[in-house]
Amino acid sequence: MLDYAQARRLMVDCQLRTFDVTDIALLDAFDAVPRERFMPADREAFAYIDQPQAVGTEEGETRFMPAPMVLARLIQALALKPGHRVLEVGTGLGYGAAILRRLGVEVVALESLPGLAAAARERLAQCGIGDGVTVEVGPLEKGAAGHAPYDAILINGQVEQRPQGLLEQLADGGRLACVQGQGRPAKATLWVRSGDAFGSRPLFDATLPPLRAFAVEAGFAF
C-alpha cells in the first residue's frame, strides 16, 4: 500500500522546493493536506504525480486538479495573508480550497458542476476544513459577486481570454493568478487591480487543461 505521508513529503521536497516554491507556510500546507482525499476513489494512487489529474466529469465537462508545482506557484504569486478573502474558481473536489484555508484565508470555492461541488463540501468536511470555506455553484466566468470584493482570485484551469468578469470582483490592489493562453504557449499570469485599471505580467511557462467557461469563441481575437 502506498505511504501517502511519504508521498506528500517527496512532493514537497522534489516537486515544490526544487521549482522556486519558497514560502514556508505554503510548503507546510502542501505537506499537511492529504491530496489523495481529493481524488476519485479509484485514482488515489495517482494523486502525487507531477501532472494535472482528472477529478470528475459532469455535463460533458471534465474538471482537473492542477499539478502540485503549478498550483503552488500560482498561490505563492498571490502573496496571501491570514484573513484575506479568496475566490477559487473551478474548485473540483476542493483540494485548492483546502490548501488556501490552511494558509488562514477565507475561501469562496466556486464550481459550475453541482455534483462536484457537493462532493467538495463533503471532502472538505471530512478533512476538518469545512469551516472557513464556502462552496458556491454557478458559472465560473461570473464569479461569486455576492461575496466580493476579493483580495485574491485563483483560477484552477487554463483560460484562453482575459477573465474580465472575475477581475472586476477584485478589491483595489487585489491579485488574480491563472494560466492564460491557448495551447503550449500559455503562461502563468498574475493580474493586479489598481483602481479601475488592471495590469498583468507573465510568471512562468505553464499549461493546464482549459476551462470551457473561458474558451475563445470561433472568430474571436484578442
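Closest approach of Asn156 and Pro66 over heavy atoms only: OD1-CG, 3.5 Å. Of all heavy-atom pairs spanning Ala206 and Val179, the tightest one is O-CG1, 3.5 Å. Between Arg175 and Ala77 the shortest heavy-atom distance is NH1-O, 2.9 Å. Nearest heavy-atom pair across Leu80 and Leu100 is CD1-CD2, 3.5 Å. Nearest heavy atom pair, residue Asp172 against residue Gly195, reads OD1-N, 2.7 Å. Contact detail for Met39 and Ala47: the closest heavy-atom pair is CG-CB, 3.7 Å.
Within the 4.5 Å cutoff, the side chain of Ser200 has no heavy atoms near those of the Val192 side chain. Residues Gln158 and Gln180 form no side-chain contact, since every pair of their non-hydrogen atoms from C-beta on lies 4.5 Å or further apart. Counting heavy atoms from C-beta on, the side chains of Phe204 and Asp20 never come closer than 4.5 Å. Using a 4.5 Å heavy-atom cutoff, the side chains of Val107 and Thr134 are not in contact. Side-chain contact between Leu26 and Ile24 is absent, with no heavy-atom pair separated by less than 4.5 Å. Looking at heavy atoms from C-beta onward, Val55 lies in side-chain contact with Pro40 at the 4.5 angstrom threshold. At least one side-chain heavy atom of Ile75 sits under 4.5 Å from a side-chain heavy atom of Leu103.
Every residue two or more places apart in sequence or in another chain that forms a side chain to side chain donor-acceptor pair (under 3.5 Å) with Gln164 is listed here: Arg162, Glu168. For Gln53, the side chain to side chain donor-acceptor pair (under 3.5 Å) criterion is met by Arg43, not counting sequence neighbours. Applying the side chain to side chain donor-acceptor pair (under 3.5 Å) criterion to Thr62, with sequence neighbours excluded, gives Thr57. For the side chain to side chain donor-acceptor pair (under 3.5 Å) test, residues two or more places apart in sequence or in another chain that qualify with Gln126 are Glu122. Applying the side chain to side chain contact (heavy atoms under 4.5 Å, CB included) rule to Pro52 yields the partners Phe64, Ala67, Leu208, Pro209; only residues at least two apart in sequence or on another chain are considered. For Leu2, the side chain to side chain contact (heavy atoms under 4.5 Å, CB included) partners are Tyr4, not counting sequence neighbours.
When hydrophobic clusters are built by joining Ile, Leu, Val, Met, Phe, Trp and Tyr residues whose side-chain heavy atoms come closer than 4.5 Å, directly or via intermediates, Phe46 is grouped together with Met65. No continuous path of ILVMFWY side-chain contacts below 4.5 Å connects Val33 to Leu10, so the two sit in separate hydrophobic clusters. Val133 and Val137 fall into different hydrophobic clusters, where Ile, Leu, Val, Met, Phe, Trp and Tyr side chains are chained together by heavy-atom contacts under 4.5 Å. In this structure, Phe19 is a member of the same hydrophobic cluster as Leu190, with clusters built from ILVMFWY side-chain heavy atoms closer than 4.5 Å.
For Arg212 (side chain) and Gly60 (main-chain N/O), a donor-acceptor pair under 3.5 Å exists by modelled atom type. Using a distance-only test at 3.5 Å, with no hydrogens or angles considered, a donor-acceptor pair links the side chain of Gln169 to the main chain of Ala144.
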Exercise for review: For Arg123 and Arg37, run side-chain contact (heavy atoms from CB on, under 4.5 Å): C-alpha distance rounded to whole Å, both residues' side-chain angles, the deciding distance at 0.1 Å, then the answer.
Suggested key: CA-CA 7 Å; Arg123 290 169 190 246; Arg37 298 282 293 276; 5.8 Å; no

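Listed by first then second residue, pairs satisfying salt bridge (charged side-chain N to carboxylate O under 4.0 Å, His left out) with a partner in residues 2-18 read Arg8-Glu36, Asp13-Arg17, not counting sequence neighbours. A salt bridge (charged side-chain N to carboxylate O under 4.0 Å, His left out) check over residues 185-199, counting only residues at least two apart or in different chains, returns the pairs Lys187-Asp205, Arg193-Asp196. Within the structure, salt bridge (charged side-chain N to carboxylate O under 4.0 Å, His left out) contacts touching residues 60-86 (residues at least two apart or in different chains) are Glu61-Arg63, Arg63-Glu111. Among residue pairs with one or both ends in residues 89-102, those qualifying as side chain to side chain donor-acceptor pair (under 3.5 Å) are Glu88-Thr91, Arg101-Glu106; sequence neighbours excluded. Applying the salt bridge (charged side-chain N to carboxylate O under 4.0 Å, His left out) test to every pair with at least one member in residues 133-154, sequence neighbours left out, gives no pairs at all.
In the hydrophobic clustering (ILVMFWY side chains linked at under 4.5 Å, chained through shared members), Leu211 is joined by Leu87, Val89, Val108, Leu110, Leu140, Tyr150, Ile153, Ile155, Val159, Leu166, Leu167, Leu170, Leu176, Trp191, Phe198, Phe214.
Summarising the geometry, atom CZ belonging to Arg35 is positioned 11.5 Å from atom CG belonging to Leu93; distances are rounded to the nearest 0.5 Å. Considering CG of Leu116 and CD of Glu58, their distance stands at 5.5 Å, rounded to 0.5 Å. The distance from the CG atom of Leu124 to the CZ atom of Arg121 is 10.0 Å, given to the nearest 0.5 Å. Of the inter-residue distances, the one linking Arg201 atom CZ with Thr189 atom OG1 reads 10.0 Å to the nearest 0.5 angstrom. Between atom OG of residue Ser112 and atom CD of residue Glu59 there is a gap of 7.0 Å, rounded to the nearest 0.5 Å.
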